[in-house]
Every structure is written in C-alpha cells, then in structure tokens.
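Heavy-atom basis, side chains included; hydrogens, waters and symmetry copies ignored. Just so you know, ligand 1 is whichever comes first in the structure, and atom 1 is the first atom listed for that ligand.
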Amino acid sequence: MDRQEIIKKTELFVKKTLSEDSTGHDWWHVHRVRNLAKRIAWHEDADIFIVELAALLHDIGDYKFFQGDEEAGTAKVREWLSSLEISSSLIDKITEITSRISFMHTLPDKGKVRGKKNSAIPILSKELMAVTDADRLDAMGAIGIARAFTYGGFFNRPIYDPAIKPSKSITKEEYKTTEAPSINHFYEKLLKLKDMMYTKLGRKMAKRKHRFLNLYLKQFFKEWKGKM
Ligand code: ADP
Ligand code: NI
C-alpha cells in the first residue's frame, strides 16, 4: 500500500469512528489539527507522513472513549496501523505520539507533592512536538472557546459560577472528573498552553490566541458585572 492510500484509508477510518462518538470529539477538530501539524512539521523539518498519520489518529486513542483506560486507546490505534501492514518501527513512532499527546499527561498524579517533578527529562520527537502543538493550539483562541463551551454544555456544566474557584494545581484525577463551570477550564488549562508550546511556529501562534482568550475573559467579566 502506498503512503497516499494509507492516509486516505486512515482518514475514512477516523471519520467513521468519530461519527459514532458522542463525547464532543469531532472530525473537524482532527481536520484542523492535521493541517496545522503538517504546517508546523514542515517548519521543523519533521517527517510529514508520521505527523499526518499521528494527527489523524490522535483522538482515536483518547482515554475518554474507553472509560478512562488509556492503554485501550493505544491498542486501538496499534490495531488499526497493523491492519495497514506498515512496519512495526513506524507503528511504534505513531503510537508514541498518540499516547503522549494529551494535556492530561502533563498534570501531576493525585497525592504527588507539588513542584517535585519527575527528574527524567522526556525525549520528544519533532513529530510529537508538531502534533502536540497543533492539538493544543486548537484548544486556544476563538475555536478553543467554542470547544470549551461545547464540552461544558455536553456534560451539563454551568458557564460560570463565582462560588466555584478554579483549581490552582489541578491533578490528573481532578482534570478527568471535574464538574466545574466551563470558565474555570480557561484557568485550569487554556491559559497555560501558551507556555507549553514546543515549536517556534507554535509559540508564535499561541501568543496571538492567548491574547484573544484574555480579551474574551475581560469582556466576559465586564458583562457579568453588568458593564457593557
Ligand atoms: P486533550 O486532547 O488536550 O487531552 P481534551 O480531550 O481534554 O484535550 O479536551 C477536548 C476539548 O474539550 C478541548 O478543547 C478542551 O479544552 C475541552 N475541555 C476539556 N475539558 C474541559 C472542561 N472541563 N471544561 C471545558 N472544556 C473542556
Ligand atoms: Ni485533539
């Protein structure tokens, strides 16, 4: 099977799988991440084929589809790639990306002392950096705002509640189970993304999107207080 055929088949597989999902993951998010990741990959001189395949598959392995089971997601991606008869080293490179991309993995586990980070420095491939930055950028700016409220609406979360303060150091467990208002998510995740970019282009885009998030929040609280 040639590369183009592998990409096309994977695209159809992802479209079909996401259409069966109801957690708010959608094909257009994958479409945007795929295009942005390819653009970043080009700037970073990363392997575009690996980046495109990993971007297409990055939400298939999402833990939310598997009641929190992160391993099951990776197994699903691996199973699909194996069916395409591609080399096992390529499969390893792609599942490495899809299993490590999530923002949640950057959060401390429950009970871990804050500030005490794992001393081992993770080795990140250029391909992982390109797909991760693209995925995080899609959670920022105007689109990120739309996605946050869509997510909150789907899970019946209020828009905002002044009595419920955002968590200052949210853990992995809390991130998975939080029922906090959607505005809190801006402080618990979205505003942190700017400083988590791995690539030059990612940082440049994140800066602009971050400014827009702040502008939005400023207006939101102005209106909340009745000042238009
Ligand atoms: P990631 O792919 O980085 O793990 P998620 O799958 O957790 O991101 O989130 C998918 C989308 O839903 C993102 O746009 C994210 O910002 C949004 N989202 C996730 N958790 C919440 C939440 N508690 N409230 C509002 N939006 C959320
Ligand atoms: Ni995603």
Side-chain angles (χ1 to χ4, degrees), residues 10-11 14-15 17-18 21-38 40 51-70 72-74 76-77 94 97-107 124 128-161 164-167 170-198 202 205-206 209-210 212-213 216-217 220:
T10 303
E11 182 182 322
V14 172
K15 272 185 184 160
T17 308
L18 295 185
D21 170 66
S22 54
T23 61
H25 284 80
D26 68 303
W27 162 253
W28 291 110
H29 161 63
V30 175
H31 171 83
R32 291 187 301 269
V33 171
R34 169 205 205 168
N35 289 338
L36 190 50
K38 280 171 76 179
I40 296 173
V51 164
E52 188 162 21
L53 268 183
L56 280 170
L57 292 163
H58 87 274
D59 268 346
I60 293 292
D62 196 305
Y63 64 92
K64 290 186 219 66
F65 292 152
F66 301 96
Q67 287 79 45
D69 184 349
E70 293 165 34
T74 303
K76 183 161 181 176
V77 173
I94 293 163
I97 300 173
T98 58
S99 63
R100 287 175 67 179
I101 187 170
S102 180
F103 169 79
M104 202 191 61
H105 295 318
T106 66
L107 301 172
L124 306 177
L128 172 63
M129 293 195 245
V131 184
T132 306
D133 278 9
D135 192 33
R136 290 180 178 163
L137 281 162
D138 206 54
M140 301 177 75
I143 292 209
I145 294 170
R147 292 181 71 216
F149 289 113
T150 301
Y151 183 102
F154 184 83
F155 292 103
N156 287 321
R157 310 274 162 76
I159 295 172
Y160 176 56
D161 182 342
I164 308 172
K165 302 287 176 221
S167 166
I170 195 163
T171 62
K172 215 170 164 183
E173 261 330 287
E174 285 163 353
Y175 184 79
K176 275 193 199 181
T177 54
T178 180
E179 291 189 352
S182 300
I183 284 287
N184 292 21
H185 186 66
F186 285 64
Y187 299 95
E188 288 163 352
K189 173 181 174 182
L190 309 188
L191 292 169
K192 293 179 181 166
L193 297 174
K194 171 178 75 73
D195 296 325
M196 292 174 71
M197 292 289 139
Y198 293 121
M205 290 177 157
K209 292 189 138 198
H210 185 83
F212 190 80
L213 287 175
Y216 175 82
L217 287 169
F220 182 93

* To do: State whether the shortest distance between N or O atoms of Asp138 and N or O atoms of ligand 1 falls below 3.5 angstrom.
  => no
* To do: Tell me whether the centres of the aromatic rings in Phe212 and Tyr216 are closer together than 6.0 Å.
  => no
* Looking only at non-hydrogen atoms, which of Met104, His185, Lys189, Arg136 approaches atom 1 (P) of ligand 1 most closely? -> Lys189
* Structure fact -> Per residue His58, nearest N, O or S atom to the Ni ion (ligand 2) is named NE2
* Asked: Side chains of Asp135 and His29: donor-acceptor distance under 3.5 Å anywhere?
  -> yes
* Is ligand 1 under 4.0 Å from a heavy atom in the side chain of Arg157, in the backbone, in both, or in neither? -> side chain
* **Part of Leu190 within contact of ligand 1 (heavy atoms, under 4.0 Å)** => side chain
* Strictly under 2.8 Å, is any N, O or S atom of Asp135 next to the Ni ion (ligand 2)? -> yes
* Asked: Is a side-chain N or O of Arg100 found less than 3.5 angstrom from the main chain of Leu128, in a donor-acceptor match?
  -> no
* Of Thr132, Asn35, Leu137, which is the lone residue that meets side chain to side chain contact (heavy atoms under 4.5 Å, CB included) with Ile40? -> Leu137
* Consider every N or O of Ser102 and every N or O of ligand 1, then say whether any pair is closer than 3.5 Å. => yes
* To do: Could you see which bit of Tyr175 sits under 4.0 Å from ligand 1, with heavy atoms only: side chain, backbone, both or neither?
  => side chain
* Give a yes or no answer on whether the side chain of Lys76 reaches the backbone of Ala72 with a donor-acceptor pair at less than 3.5 Å. => no
* Structure fact -> d(Arg34 CZ, Leu56 CG) to nearest 0.5 Å is 4.5 Å
* **ligand 1 N/O within reach of Asp135 N/O, cut-off under 3.5 Å** => yes
* Structure fact -> Here the atoms of ligand 1 under 4.0 Å from any heavy atom belonging to Thr178 are 23 (N)
* Minimum side-chain heavy-atom gap Ile60-Thr98 below 4.5 Å -> no
